[in-house]
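Labels below follow one simple rule: chain letters A, B, ... track the order of the sequence lines, proteins then strands, and each chain is numbered from 1.
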2 protein chains.
Amino acid sequence: MLSFTEENYIKAIYHLSDAGQLAVSTNDIALHLQTKAATVTDMIKKLANKDLLAYEKYYGVSLSKKGKTTALYIVRKHRLWETFLVKKLGFQWDEVHEVAEQLEHIQSNLLIEKLDAFLGHPETDPHGHPIPDKNGKVKQVKQFSLSQGKNGSKYIVSEVKDGSATFLQYLAKYDLYPGVTIQIKEILPFDGSMIVQLQNKQKITLSKATSENILIKNNE
Amino acid sequence: MLSFTEENYIKAIYHLSDAGQLAVSTNDIALHLQTKAATVTDMIKKLANKDLLAYEKYYGVSLSKKGKTTALYIVRKHRLWETFLVKKLGFQWDEVHEVAEQLEHIQSNLLIEKLDAFLGHPETDPHGHPIPDKNGKVKQVKQFSLSQGKNGSKYIVSEVKDGSATFLQYLAKYDLYPGVTIQIKEILPFDGSMIVQLQNKQKITLSKATSENILIKNNE
DNA sequence: TTATTTTTTTAGATTAATCTAAACTTTTAT
DNA sequence: ATAAAAGTTTAGATTAATCTAAAAAAATAA
C-alpha cells in the first residue's frame, strides 16, 4: 500500500505527463508539489524500486503500467468525491478541490464502488473531467477549445480547464457549466474576445484567455 | 492542526477515560492503540505541551477542556460518516468502522456541516451512539443493559456496546437494531440467558453476554 | 518492611519525508 | 567549442513517529 505522499507523487506525474505518456522532469514535479528537487529525486528512486515508474538519471521519469493504473484509480476517487460534494452535499464547484485532495486517499474499494453507484455511475465530474471507470478506462470526448469555435455555431460546454476558484466563480455567475448549450454570436478580431449567447438568451463577452479555458463539443 | 496520529491519541484517551473524566494510564493507551508504552510516553508529552491534556509522570493523563473539545469533534465526524455509509451508501453496520476511522480525519468544517445537514442532523449513529452536535454537546439517553430488563416488559433497543463484526452480523440477522421494540418473555435463572420477542413476533434466545451488550430504554 | 513484580520513563536507534549546500551533468549561448 | 547557466543528484541534517533495552518508580506480596 502506498503512503499519502507516494500517492501524491504518482498523481502529479500522471497529470504532468499528459496521461502518462511523456517523461517528466524532476523540477516540474518539485514545482507542482511545492517541494525541492532533492526531495523529488529521493522519492522517485523509491517509486522506481516499487516498479511504479521508469527513472533514468538526469532524464526524468515516466509511469509504468502499474503506475498509470494507480494514478487512474486516484483520479477516479478524486472525481467521484468532487461529484458527490457538488451533487449531494451542495458544495459550489469552486469549493471542492481541497477536500477531494484529502478524500482521494481514503483506502476502501467497497466505499468507492458504493459511492459510484450512489451517484449513478457518473461519467464526468462537475468540471467536465472524465471519471475513469473501475478498470481505469477513460471515456474520451471529441472536444476543443471555445476559442476555436466558429462564429454563429452552437456548442455544448464539455469541460473547464483552469480550475482556480475565481475563474469558476465567474463562470458560475452565468450558469456556465459543462452540459449547457451556448452560441457564438460575434468574434472580435482585435483581441480575440467573443460574445456568446447563453441558454437564457443573455449575451456575455468572454476574453480570449477565458474562451481558451473552456472546452466545448459539437451539438449533435 | 493535529496530525492523524495525534488525533488518534486524543480519541483513544477520550474513549478510555469514559468521556474524559478519569485519568488514563500509559499502558492502557498503548494497548488500545496497539503500540508500545515508550511510544505513548513520548506522544503524551507532546500533547501535554499543546495543552490538550494534563500529564503527571507515572500517574497517567486526563484530557483538558481543549482536548475534550477536540475529541468530541473527532467522534462527531466518525459517527456522522458511519451514518452516511449505512443510510446513504448501503453499507452493512458491521462494515463501517475501518472506513470511518479514516474519514474522521478529513479536515473540513464545511464538509461536516453539509454532511450533517444532508443526513438530516441525526442524533445517533447506526449503533445507537449519540452524535455530538456542532458545539460538542452530547444528548444523553436514560438507558440500561438488556440484562437488567424485567421479565414481561417491553423496551426499545437504544445502543449496542460490543462492536465486533460477528456480533453485529448476528444482531442484523434478527433485525435487532437501535429503534426496534422488544419484549422479554422469559429469563432463565441458571445461566442468565433470556428469551425475547422481536417486532415480527419471532422469539429468540440471547445469552447473558449478549444481553449485557445491548442497551435499552423504556418504551414511553 | 523489604523484596519482588509491574508499570513507566529514559536513552539511543530507525524509518519516512523533508531540507540545504555542494557536486555533478546537461543544455544553452557566445 | 568552450564557458556559463540551468537542472539534477548526492551528502549530510532534521523532524515525527516508532522501536528495544535499560533504568527508575510505584504497587504488591511475603
Side-chain angles (χ1 to χ4, degrees), chain A residues 1-18 22-63 67 70-71 74 101-102 104-107, chain B residues 1-18 22-63 67 70-71 74 101-102 104-107:
Chain A
M1 220 190 56
L2 299 184
S3 73
F4 193 99
T5 306
E6 289 170 323
E7 288 197 344
N8 280 337
Y9 273 81
I10 293 296
K11 193 176 60 139
I13 295 164
Y14 177 81
H15 286 310
L16 288 170
S17 68
D18 189 31
L22 298 67
V24 179
S25 78
T26 304
N27 252 0
D28 283 356
I29 299 170
L31 223 69
H32 189 87
L33 292 177
Q34 308 256 64
T35 183
K36 296 298 147 84
T39 308
V40 173
T41 300
D42 281 349
M43 181 55 81
I44 60 188
K45 280 180 187 169
K46 192 169 147 192
L47 295 173
N49 276 331
K50 293 190 180 189
D51 294 320
L52 289 158
L53 46 81
Y55 166 50
E56 207 186 338
K57 244 178 158 182
Y58 294 105
Y59 292 92
V61 299
S62 54
L63 291 180
T70 302
I74 302 168
E101 287 283 300
Q102 297 180 63
E104 72 189 7
H105 300 289
I106 302 291
Q107 305 286 341
Chain B
M1 217 191 55
L2 299 184
S3 72
F4 192 99
T5 307
E6 289 171 324
E7 288 197 345
N8 281 337
Y9 273 82
I10 293 295
K11 194 177 59 139
I13 295 163
Y14 177 80
H15 286 311
L16 288 169
S17 68
D18 189 31
L22 298 64
V24 178
S25 78
T26 304
N27 253 1
D28 284 355
I29 299 171
L31 223 68
H32 190 87
L33 293 177
Q34 307 255 66
T35 185
K36 297 297 145 87
T39 308
V40 173
T41 300
D42 281 349
M43 180 57 80
I44 61 188
K45 279 181 186 169
K46 193 169 146 193
L47 295 172
N49 277 331
K50 293 190 179 188
D51 294 319
L52 289 158
L53 46 80
Y55 166 51
E56 207 188 336
K57 244 177 158 183
Y58 294 104
Y59 292 93
V61 299
S62 54
L63 291 179
T70 301
I74 302 168
E101 287 282 300
Q102 296 180 63
E104 73 190 8
H105 300 290
I106 302 291
Q107 305 286 341

Trainee: B/Glu56 CD to C/dT7 P: how many Å, rounded?
Mentor: 19 Å
Trainee: Output the single nucleotide from C/dT18, C/dT20, C/dT26 whose closest atom is nearest the side chain of A/Met43.
Mentor: C/dT18
Trainee: What is the distance, rounded to the nearest whole Å, between atom CD of A/Glu6 and atom C1' of C/dT18?
Mentor: 14 Å
Trainee: Report the distance from atom OH of B/Tyr59 to atom C1' of C/dT7, rounded to the nearest whole Å.
Mentor: 11 Å
Trainee: Under 4.0 Å between a side-chain N/O of B/Lys45 and OP1 or OP2 of C/dT10, yes or no?
Mentor: yes
Trainee: Let me know the distance between CG of A/Asp42 and P of C/dT20, rounded to the nearest Å.
Mentor: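 That distance rounds to 13 Å.
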Trainee: Is there a side-chain polar atom (N or O) of A/Thr35 under 4.0 Å from OP1 or OP2 of C/dC19?
Mentor: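 Answer yes for this pair, as a side-chain N or O of A/Thr35 is under 4.0 Å from OP1 or OP2.
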Trainee: Between B/Val24 and B/Ser17, which heavy-atom pair has the shortest distance, and what is it?
Mentor: CG2-CB, 3.4 Å
Trainee: Would you say B/Thr39 reaches D/dC19's phosphate, i.e. side-chain N/O to OP1/OP2 under 4.0 Å?
Mentor: yes
Trainee: A/Ser25 side chain: which of D/dT8, D/dT18, C/dT9 is closest?
Mentor: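 Nearest listed nucleotide: D/dT8.
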Trainee: Would you compute the distance between atom CD of B/Glu7 and atom CE of B/Met1 and round it to the nearest 0.5 angstrom?
Mentor: 7.5 Å
Trainee: Tell me what B/Thr41 touches on the nucleic acid: a base, only sugar-phosphate, or nothing, going by heavy atoms under 4.0 Å.
Mentor: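 Base contact - B/Thr41 has a heavy atom under 4.0 Å of at least one base atom.
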Trainee: In whole angstrom, give the distance that lies between atom NZ of A/Lys57 and atom C1' of C/dA23.
Mentor: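 Interatomic distance, NZ of A/Lys57 to C1' of C/dA23: 12 Å.
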Trainee: Less than 4.0 angstrom between a side-chain N/O of A/Tyr55 and OP1 or OP2 of D/dT9, yes or no?
Mentor: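 For D/dT9, OP1/OP2 do have a side-chain N/O of A/Tyr55 under 4.0 Å.
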Trainee: Between A/Ile44 (CD1) and C/dA16 (C1'), how many Å, whole number?
Mentor: 17 Å
Trainee: Looking at B/Lys36, does any N or O in its side chain come under 4.0 Å of the phosphate oxygens OP1/OP2 on D/dT18?
Mentor: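 For B/Lys36, the contact criterion (side-chain N or O under 4.0 Å from OP1 or OP2 of D/dT18) is not met.
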Trainee: Using heavy atoms to find the nearest nucleotide of DNA chain C for A/Tyr58 and A/Gln34 separately, return the residue whose nucleotide is more 5′.
Mentor: A/Gln34
Trainee: Does D/dT8 have OP1 or OP2 sitting under 4.0 Å from an N or O in the side chain of A/Asn27?
Mentor: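 Looking at the OP1 and OP2 atoms of D/dT8, one of them is under 4.0 Å from a side-chain N or O of A/Asn27.
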Trainee: Heavy atoms from C-beta onward define the side chain here; which of C/dT10, D/dA11, C/dT18 lies closest to that of B/Ala38?
Mentor: C/dT10
Trainee: Drop me the distance from A/Leu31's CG to A/Thr26's OG1, to the nearest 0.5 angstrom.
Mentor: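 Rounded to the nearest 0.5 Å, the CG-OG1 separation comes to 12.0 Å.
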Trainee: Nearest 0.5 Å, please: how far is CD1 in A/Ile74 from NZ in A/Lys11?
Mentor: 7.5 Å
Trainee: For B/Phe4, answer base if it contacts any base atom (sugar-phosphate contacts may also be present), sugar-phosphate if it contacts only those atoms, and nothing otherwise; contact means non-hydrogen atoms under 4.0 Å.
Mentor: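 No contact.
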Trainee: Quick check for you: among C/dT26, D/dA26, C/dT18, whose closest atom lies nearest to any side-chain atom of A/Thr5?
Mentor: C/dT18
Trainee: Please say which of B/Val40, B/Leu52, B/Asn8, B/Ile29 ends up in a side chain to side chain contact (heavy atoms under 4.5 Å, CB included) with B/Ile13.
Mentor: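 Passing option: B/Ile29.
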Trainee: Grab the CD1-C1' distance between B/Ile29 and C/dT7 for me, whole Å please.
Mentor: 13 Å
